[in-house]
There are 2 protein chains.
Amino acid sequence: MKENTNKYTIGIEATLEIIRGKWKGIIVYHLTTGRKRTYELRKLMPNLTQKVLTQQLRELEKDGIITRIIYNQIPPKVEYEISDYGWGLINILDSVCLWGEEHLDKVYGDKALVLKAESDVNF
Amino acid sequence: MKENTNKYTIGIEATLEIIRGKWKGIIVYHLTTGRKRTYELRKLMPNLTQKVLTQQLRELEKDGIITRIIYNQIPPKVEYEISDYGWGLINILDSVCLWGEEHLDKVYGDKALVLKAESDVNF
DNA sequence: CGGTATCCGACCTGATACTG
DNA sequence: CAGTATCAGGTCGGATACCG
């Protein structure tokens with residue numbers, strides 16, 4: 001059943017719904033550097049299991065954030081890419097990320113900066 | 001035990017962690033219109049139980065987003081207010097909200113606009 | 001009035017095994 | 001290589017009852 005369709009009161013809820021998934025932020029982050037194959041994503045996120053990865057990718061696809069490109073061949077090949085629509089969200093989230101990093105600085109001090117240095121992109 | 005201190009890889013994770021709670025967005029939203037007493041918040045969000053409200057407020061407080069003002073008196077009086085630090089986040093989230101609203105338009109069409117009209121503030 | 005304690009169910013995530 | 005199925009564990013939110 002579950003007719004719990006209590007829709008959002010404010011825009012933030014809608015956005016949150018989309019990136020709430022534990023890994024979605026990181027997945028999208030990795031896609032900002034370019035189209036990726038499934039196993040590439042797996043290598044980039046070793047702690048993320050196949051199942052959950054697929055799951056989260058499906059949701060992101062459903063929300064129109066990413067595009068799934070299927071090469072019909074053997075062995076299978078699938079690539080994921082941020083859609084034009086998705087880029088709109090990402091550009092916005094960029095400032096959120098900056099805030100988040102500053103927040104980390106405040107809360108954890110320098111420790112938080114370690115990982116930051118590992119990437120060029122902010123998001 | 002649980003030494004799962006796998007800290008964030010990117011800023012977005014930190015921010016998400018803060019507003020991930022199901023009600024946090026809405027709570028903060030209501031506080032944007034000014035300092036509120038506990039029972040005022042409860043009236044504004046009838047579907048939110050006392051326990052969860054307190055819970056989410058505590059977390060927001062821990063993260064420095066809101067301030068808890070305790071009047072030491074009988075009967076008790078407590079007020080919640082967005083901190084200066086919290087406003088920093090909110091200003092940023094504002095553009096996220098706009099995106100969210102547009103997303104709603106895209107996904108649900110006009111239906112999504114109903115609630116939008118009920119408030120002056122974007123967030 | 002504001003908050004804590006306890007219990008429970010739903011959901012989300014993860015481990016493992018298997019399919020085309 | 002990419003994805004599905006199944007099952008188990010943890011976390012979160014919600015209902016209820018009680019305390020200062």
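Every chain is numbered from 1, with letters handed out A, B, ... down the list of sequences.
- For R58(B), there are no salt bridge (charged side-chain N to carboxylate O under 4.0 Å, His left out) partners two or more places apart in sequence or in a different chain.
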Original post:
Stepwise, does the side chain to side chain contact (heavy atoms under 4.5 Å, CB included) test hold for L57(B) with I66(B)?
Top reply: CA-CA 8 Å; L57(B) 284 169; I66(B) 64 174; 3.6 Å; yes
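- At least one test fails for K36(A) against the ring of Y80(A): distance under 6.0 Å to the centre or angle within 45° of the axis.
- Using a 4.0 Å cut-off, some side-chain N or O of R37(B) falls inside it from OP1 or OP2 of dG2(C).
- Candidate nucleotides dG3(D), dG20(C), dG3(C) were compared by shortest atom distance to the side chain of P76(A), and dG20(C) ranks first.
- The nearest whole Å value for the distance from the NZ atom in K51(A) to the P atom in dC12(C) is 11 Å.
- Contact annotation for V52(B): base contact, defined as any heavy-atom pair under 4.0 Å involving a base atom.
- The distance from atom NZ of K43(A) to atom C1' of dA2(D) is 15 Å, rounded to the nearest whole Å.
- Closest approach to the L48(A) side chain among dG3(C), dG14(C), dG13(D) is made by dG14(C) (side chain taken as heavy atoms from C-beta onward).
- The interatomic distance linking L41(A) (CG) with dC1(D) (C1') rounds to 13 Å, in whole Å.
- Y71(B) comes within 4.0 angstrom of nothing in the nucleic acid, heavy atoms only.
- Atom-to-atom distance recorded for L41(A):CG and T54(A):OG1 is 10.0 Å, nearest 0.5 angstrom.
- Of the side-chain N and O atoms in Q55(B), one or more sit less than 4.0 angstrom from OP1 or OP2 of dG13(D).
- Taking the six-membered ring for Trp, Y29(A) and W23(A) have ring centres at least 6.0 Å apart.
- The phosphate of dG13(D) has neither OP1 nor OP2 within less than 4.0 Å of any side-chain N or O from T49(B).
- E79(B) has no carboxylate O lying under 4.0 Å from a charged side-chain N of R37(B), or vice versa, which leaves the two without a salt bridge.
- Here the C1' atom of nucleotide dC12(C) and the CG atom of L53(A) are 16 Å apart, to the nearest Å.
- When the side-chain nitrogen and oxygen atoms of W23(B) are compared with OP1 and OP2 of dG14(D), one or more of them lie within a distance under 4.0 Å.
- Distances shorter than 4.0 Å separate none of the side-chain N or O atoms of T54(A) from OP1 or OP2 on dA2(D).
- Put simply, CE on M45(A) is 15 Å from C1' on dG14(C), counting in whole angstrom units.
- Distances shown here put every side-chain N or O of R20(A) at or beyond 4.0 Å from the OP1 or OP2 atom of dC12(C).
- Not one side-chain nitrogen or oxygen of Y39(A) sits closer than 4.0 Å to the OP1 or OP2 atom of dG3(D).
- For K22(B), whose side chain is taken as the heavy atoms from C-beta onward, the closest listed nucleotide among dG14(D), dT4(D), dG20(D) is dG14(D).
- Atom-to-atom, CD1 of I74(B) to P of dG2(C) comes out at 12 Å; the value is rounded to the nearest Å.
- Contact check, Q56(B) against dG13(D): a side-chain N or O comes under 4.0 Å of OP1 or OP2.
- Distance K77(A) NZ to dG20(C) C1': 19 Å, rounded to the nearest Å.
- Positionally, the nearest nucleotide of DNA chain C for R68(B) lies more toward the 5' end than for the other of G21(A) and R68(B).
- Separating the CZ atom of R42(A) from the C1' atom of dG3(D) is a distance of 11 Å, rounded to the nearest angstrom.
- Residues Q50(B) and Q50(A) both approach DNA chain D. Their nearest nucleotides, taken by heavy-atom distance, put Q50(A) toward the 5′ side.
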